[in-house]
Amino acid sequence: MTRTFFSRSVAIALMLAAMLPLTAEAASLKLVIHEEAGSEGEPLPPVSRFNGLKRSLETALSRPVEITVTRDRVRVYDWMERNQADVFLTNASDLAARALTSLGYSFIASGRPDVTVLFIGKGAAIENLKTLSGNAVSLPRGENMFGQVCNAELRDFLGRQYTARPSNEYSAIVYAVENNLSTVGCIPSIAKARDGLAAKGIKVLYEGRPQPALPAVGSPGLPAGDRTIIAKTLAAYDESPAGEAILKTLGVTGFTEGGEIRLRALNAWLKAK
């Protein structure tokens, strides 16, 4: 009897021990970082680049954090729909807005500073985009965040009175303007291709309305307590050198816990007729 009880106790203990790795894995917070900046022609950054972010969140949450990095916006929205991750950080703010308005996601924080689209050319600055009526405009492809924003800005002033020339590369947009293939180009203010404009004789003609930068949104299954901890952790990064190093890897100068209303309104503007 004693031997049987002992054997059962050992068996139960071994079973529980075997389950520990699975329990720890199930408790991991899954974070997706989506960079829709592939138009710079650069390779996808390694996950190790975000080790500082990972360690910081693990310390704050007291549980493991698994990070996935991608530039595939179709995959990201599919993951959002299927709740394949707990938190998404994406500079495609339209995807974050859709997650909030259509999928029951919660707002966590938004990066600073805001991002705008820049209309560039060789002429003088303009007060509004009506001046561009009838012109060819090189811009990002319409299915991407900044292609949508460029088209929405033009739509508000011109309707359909312009010719869109979509491109996969921000540098190709600059090239088209530099070589007079397009009168005007439209690129995001965060594009590295912006750095060499002056040397090419290109100026910013008009700057669009500010848009949220790198919003963080949480899935419906993310506990409210975790959402609060993540928001506070992100917002505190600009208060220490270690936090500022993390911000640099993310391409922002800080995070704010405000901006949810503006983010929720983004899709309505992009889809307006």
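Only this structure's heavy atoms are used, side chains among them; waters, hydrogens and symmetry mates stay out. Keep in mind that this is a model prediction, so the values were computed, not measured. This chain uses plain numbering: 1 for the first residue, then up along the sequence.
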(request) May I have the step-by-step check of salt bridge (charged side-chain N to carboxylate O under 4.0 Å, His left out) for Arg73 and Glu143, ending in yes or no? (result) CA-CA 9 Å; Arg73 66 179 279 125; Glu143 63 269 22; over 6 Å; no
(message) Let me confirm one number: the CD1-CD distance from Ile230 to Glu257, rounded to the nearest 0.5 Å.
(response) 11.5 Å
(request) Kindly compute the distance separating CG (Leu100) from OG (Ser106), expressed to the nearest 0.5 Å. (result) 7.5 Å
Test: [X] and [Y] ion pair at under 4.0 Å:
| X | Y | answer |
| --- | --- | --- |
| Glu153 | Arg209 | yes |
| Glu244 | Lys248 | no |
| Lys54 | Glu66 | no |

(message) I need the full list of disulfide bond (SG atoms under 2.5 Å apart) pairs touching residues 76-195, with sequence neighbours left out, sorted by first then second residue.
(response) Cys150-Cys186
(request) Is it possible for you to say whether Leu31 and Val47 belong to one hydrophobic cluster, with membership spreading through side-chain heavy-atom contacts below 4.5 Å? (result) yes
(request) Among Leu154, Thr131, Val204, Leu139, find the residue that satisfies the side-chain contact (heavy atoms from CB on, under 4.5 Å) test when tested with Phe119. (result) Leu154
With a 3.5 Å cut-off and no angle check, do the side chains of [X] and [Y] form a donor-acceptor pair?
| X | Y | result |
| --- | --- | --- |
| Ser56 | Tyr237 | yes |
| Glu207 | Thr116 | yes |
| Asp114 | Gln211 | no |

(request) Write down the atom of Pro220, the atom of Gly104, and the distance for their closest heavy-atom approach. (result)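 Here Pro220 and Gly104 meet closest at CG-O, 3.6 Å.
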(request) Return the set of residues passing salt bridge (Lys or Arg N to Asp or Glu O under 4.0 Å) with Arg82 (not counting sequence neighbours), or none when no residue passes. (result)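 Salt bridge (Lys or Arg N to Asp or Glu O under 4.0 Å) list for Arg82, sorted by chain: Asp78.
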(request) Could you please spell out the steps behind the side-chain contact (heavy atoms from CB on, under 4.5 Å) verdict for Tyr77 and Leu103? (result) CA-CA 10 Å; Tyr77 195 68; Leu103 303 178; 3.8 Å; yes
